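Numbering of ligands and ligand atoms starts at 1, following listing order. The first residue in the sequence is number 1, and the count goes up from there. Keep in mind it's a predicted model, so treat the numbers as computed, not measured.
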Amino acid sequence: MTMKFYSTNNNKYTVGLKEAVRLGLPEDEGLFMPEEIPQLPDSFFTDLGKLSLAEIGYEILWPYVHREVPDDVLKSICTDAFSFPAPLVKLNNNIYSLELYHGPTFAFKDFGARFMARLLGHFNTSNKNINTILVATSGDTGSAVAAGFYQVENVEVIILYPQGKVSVLQEKQMTTLGGNVQAIAIDGNFDDCQQLVKTAFMDKKLSEKFGLTSANSINVARLLPQMLYYFYAYAQVSSKNKPVVFSVPSGNYGNLTAGVLAKKMGLPLKHLITAANANDIVPHYLSTGNFEPKPSIATISNAMDVGNPSNFARLRTIFNNSLDEFRSEISGYSYSDEQTRGTIKQLYDEFGYVADPHGAIGYRALTEYLVDNDAIGVFLETAHPIKFNREVEAIIGLKIAIPDSLATVLDTKIKSHPCSSDYKDFIDLLEKLLS
Ligand SMILES: *Cc1c(COP(=O)(O)O)cnc(C)c1O
């Protein structure tokens with residue numbers, strides 16, 4: 001049977017993989033979820049420690065995509081997409097940093113974006129469609145999507161980012177490629193960008209005209225591959241006869257949702273920790289039972305400045321709308337910028353480890369959880385500290401070496417199109433850019 005994907009707003013509304021990937025969002029404003037969470041066989045776990053990232057990717061994604069994607073195509077997509085390392089760095093006996101930033105744009109979003117780009121490229125080449133990727137970013141999604149989809153045939157990319165609210169480096173990464181990638185600087189915050197994108201998707205005529213699809217973490221083709229590194233890291237720490245927990249710096253909650261799905265597929269994790277900045281919507285939900293989206297607050301961990309996390313709808317569905325179930329699987333913590341800076345300094349002083357603000361928040365939440373729980377903890381280091389060098393260098397008093405590929409980007413001039421957060425202005429510009 002082919003895997004179907006249903007909307008979190010209506011479980012009778014189902015589509016196949018290709019449609020879920022091409023649409024991005026269901027028409028009813030829900031999010032697509034796999035109809036069934038497949039169980040991995042025991043033999044997979046026996047061999048897990050011997051598999052490469054690409055091999056694990058193939059095994060865990062196969063149950064979701066087979067029949068719609070030939071096995072050899074899936075294999076080559078995985079080999080190509082997951083071609084960079086994810087080192088697990090030991091800080092002490094109980095704490096590891098899983099560095100997910102060794103891809104082309106120096107953030108973990110490369111995993112999902114590269115997989116989705118190749119999958120969509122495969123679907124479009126086989127039936128000669130054109131798609132326009134419309135994506136809202138608070139920083140890192142934009143650069144990962146730009147790099148992932150750059151020069152993929154039959155795909156145009158439009159990136160919306162909040163003017164002045166992303167780092168210079170992030171802005172350069174998403175505005176300097178050219179070709180099929182164009183960027184719009186919105187006079188507003190991330191939530192305004194996300195709202196424009198959502199409204200455009202609901203606009204059926206527009207959506208059909210340009211074959212709009214989303215590459216945000218809301219797209220299942222971004223979401224599912226992110227399970228990969230939970231399996232990969234687990235295999236390396238699981239021999240220690242202690243339960244294993246992961247701490248996930250969270251913004252739109254795609255990464256955490258992938259961890260939850262990995263667990264549901266059979267990965268024997270004890271618990272997951274969500275680590276937030278001042279945008280503490282989910283930790284607040286965990287402590288009070290109230291989900292109260294708010295306008296986002298700007299912080300130094302800007303990729304997590306999300307006031308209305310989309311993937312909460314998926315998490316809630318997975319946990320059967322039960323607060324108790326949610327709490328039994330996830331603990332949440334949130335930290336201020338001052339605390340984040342203190343933690344970056346502490347990590348450097350104690351371990352000589354240079355963390356970016358997101359990873360630092362992940363580490364801090366993990367240590368807080370480990371005070372009352374005996375476990376091996378892995379925190380996800382989601383961005384290269386060079387992406388936040390001004391902040392980090394000021395704290396640790398040391399210059400971070402710039403990787404070569406970034407040096408080139410930094411020398412290139414920013415080229416983006418300014419736009420207000422008014423929907424009509426945005427659509428006028430979009431028509432112009434795509435004509
Ligand atoms: C996107 C991002 C996050 C948040 O990930 P979500 O899946 O949106 O929760 C955390 N850290 C960095 C560096 C990111 O780019």
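Inclusion of G254 in the set of residues having an N or O under 3.5 Å from an N or O of ligand 1 is warranted. Close N/O approach between D356 and ligand 1 is not found [any backbone or side-chain N/O within under 3.5 Å]. Residue contacts with ligand 1: N255 is placed with a nitrogen or oxygen under 3.5 Å of a nitrogen or oxygen of the ligand (distance criterion only).
Side chains of E292 and H284: a donor-acceptor N/O pair is present below 3.5 angstrom, by distance only. A donor atom on one side chain and an acceptor atom on the other are found under 3.5 Å apart for E368 and Y335.
Between F426 and Y423, the two ring planes are tilted [angle within 30° to 60°]. Ring pair Y101/H384 is tilted by interplanar angle, where 30° to 60° counts as tilted. Taking the six-membered ring for Trp and thresholds of 30 and 60 degrees, F44 and F231 have ring planes more than 60 degrees apart, a perpendicular arrangement.
Closest heavy-atom approach to atom 6 (P) of ligand 1 among the candidates Y253, F106, Y101: Y253. Nearest residue to atom 4 (C) of ligand 1 from A144, G112, G251 is G251 (criterion: closest heavy atom).
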Handout entry: Test log, rule side chain to side chain donor-acceptor pair (under 3.5 Å), inputs S420 and D187
Key = CA-CA 5 Å; S420 80; D187 184 10; over 6 Å; no
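Side chain of R364 to backbone of Q339: a donor-acceptor contact under 3.5 angstrom is found.
Of all atoms in ligand 1, listed by their number and element, those nearer than 4.0 Å to a heavy atom of N252 are 6 (P), 8 (O), 9 (O). Counting the atoms of ligand 1 from 1 in the order shown, those under 4.0 Å from a heavy atom of P249 are 4 (C), 10 (C). Residue K109 approaches ligand 1 through these ligand atoms, each under 4.0 Å from one of its heavy atoms: 1 (C), 2 (C), 3 (C), 14 (C), 15 (O).
With a 4.0 Å heavy-atom cut-off, ligand 1 is reached by no atom of Q226.
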